[in-house]
Amino acid sequence: MATVTELKAVLKDTLEKRGVLGHLRARIRAEVFSALDDESEPPPPLSHENLLINELIREYLEFNKYKYTASVLMAESGQPVVPLDRQFLIRELNAFEESKDDSIRPRKKGEGDKR
C-alpha cells in the first residue's frame, strides 16, 4: 500500500501535469491580494503611456489565458475594466493588425501610414 507521502507526490504531479496546480496558485495569489487590497486608497492616476502599456499587457495575458494574472493587473494598476478599443490601440501605437492571426505589429518605415 502507498504511503501518504507517495500519494501526495502523485497527486501533486497529476495536478501539475493538468495545469490545475498553477491555476490554483494563481487564484490563491489573486484572492490574497484582493483581501489585502486597501480599497479606501485609490490607485495613482495612469499616464497615457502606462494606460497603453497596461492594455498591451492585458491583451497578452488574456490571449494566453492568464486570467488570474490579468485580474491582479487590473486590480493593482487601476486600468479601466472595459478594454480599450483595438483600433484605437493600433492608431496610438502606429501599428497594424495582421489579418491571418489578429496580431498587432509595428509599422515598418514608409508602410501604408493612413494618418
Side-chain angles (χ1 to χ4, degrees):
M1 178 169 251
T3 67
V4 172
T5 304
E6 292 170 333
L7 289 174
K8 284 181 182 179
V10 169
L11 180 60
K12 181 180 176 188
D13 187 51
T14 302
L15 291 175
E16 281 178 345
K17 286 179 181 174
R18 292 182 181 174
V20 174
L21 198 54
H23 286 288
L24 288 173
R25 287 179 179 143
R27 182 69 183 168
I28 289 170
R29 276 196 243 39
E31 289 299 326
V32 167
F33 175 78
S34 178
L36 296 174
D37 189 26
D38 183 5
E39 292 183 18
S40 66
E41 184 178 323
L46 284 172
S47 69
H48 181 72
E49 292 81 10
N50 283 349
L51 181 74
L52 294 174
I53 291 167
N54 288 348
E55 194 61 36
L56 289 173
I57 294 169
R58 177 199 337 221
E59 188 164 310
Y60 165 80
L61 294 172
E62 289 179 355
F63 177 82
N64 287 290
K65 298 184 179 19
Y66 300 143
K67 60 184 176 180
Y68 299 118
T69 306
S71 71
V72 171
L73 170 71
M74 301 309 295
E76 218 170 359
S77 68
Q79 188 80 0
V81 176
V82 177
L84 295 177
D85 179 66
R86 191 174 181 94
Q87 294 307 313
F88 172 77
L89 270 179
I90 290 169
R91 281 191 311 275
E92 286 296 302
L93 298 171
N94 195 26
F96 74 93
E97 192 169 11
E98 296 275 341
S99 60
K100 61 184 172 201
D101 62 2
D102 290 335
S103 64
I104 296 175
R105 75 171 176 83
R107 289 187 193 278
K108 294 178 184 170
K109 192 171 185 171
E111 186 175 41
D113 193 3
K114 297 179 182 176
R115 286 188 190 198

> Is it true that L56 and Y60 fall in one hydrophobic cluster, defined by side-chain heavy atoms closer than 4.5 Å?
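Per the 4.5 Å side-chain linkage, L56 and Y60 are not co-clustered.
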> Could you walk me through whether Q87 and R91 pass side chain to side chain contact (heavy atoms under 4.5 Å, CB included), step by step?
CA-CA 6 Å; Q87 294 307 313; R91 281 191 311 275; 3.8 Å; yes
> Once you round to the nearest 0.5 Å, how far does CG of L52 lie from CZ of F88?
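Reported to 0.5 Å precision, the distance equals 6.0 Å.
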> Could you give me the CA-CA distance, side-chain angles and deciding distance for N50 and I53, then say whether side chain to side chain contact (heavy atoms under 4.5 Å, CB included) is met?
CA-CA 5 Å; N50 283 349; I53 291 167; 4.1 Å; yes
> Using 0.5 Å steps for rounding, measure from the CZ atom of R27 to the OG1 atom of T69.
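OG1 of T69 is found 12.0 Å from CZ of R27.
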> Of the non-hydrogen atoms in R58 and V82, which two are nearest, and what is the gap between them?
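Between these two residues, the closest heavy atoms are NH2-O, 3.8 Å.
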> Before you tell me yes or no, could you show the steps for E59 and L89 under side chain to side chain contact (heavy atoms under 4.5 Å, CB included), namely the whole-Å CA-CA distance, both residues' side-chain angles and the distance that decides it to 0.1 Å?
CA-CA 11 Å; E59 188 164 310; L89 270 179; 4.1 Å; yes
> Going only through I, L, V, M, F, W and Y residues with side-chain contacts under 4.5 Å, is there a path from L93 to L84?
yes
> So do L46 and Q79 actually touch side chain to side chain, heavy atoms under 4.5 Å?
yes
> Among T14, D13, V20, L15, find the residue that satisfies the side chain to side chain contact (heavy atoms under 4.5 Å, CB included) test when tested with K17.
D13
> Which atom pair, heavy atoms only, marks the closest approach of N54 to S77?
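Scanning both residues, the minimum pair turns out to be ND2-CB, 3.6 Å.
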> When you measure from the side chain of R29 to the backbone of R25, do you find a donor-acceptor pair of N or O atoms at a distance under 3.5 Å?
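Answer holds: yes.
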> I'd like to know if L11 and L21 are part of one continuous hydrophobic network [Ile/Leu/Val/Met/Phe/Trp/Tyr, side-chain heavy atoms within less than 4.5 Å].
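L21 and L11: one cluster.
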> Are V72 and L61 linked, directly or through intermediate hydrophobic residues, by side-chain heavy-atom contacts shorter than 4.5 Å (ILVMFWY only)?
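No, separate clusters.
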> Please report the closest heavy-atom contact between V81 and M74, naming both atoms and the distance.
CA-CE, 4.2 Å
> What are the two closest non-hydrogen atoms of P80 and L51, and how far apart are they?
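In terms of heavy atoms, the two residues are closest at CD-CD1, 3.6 Å.
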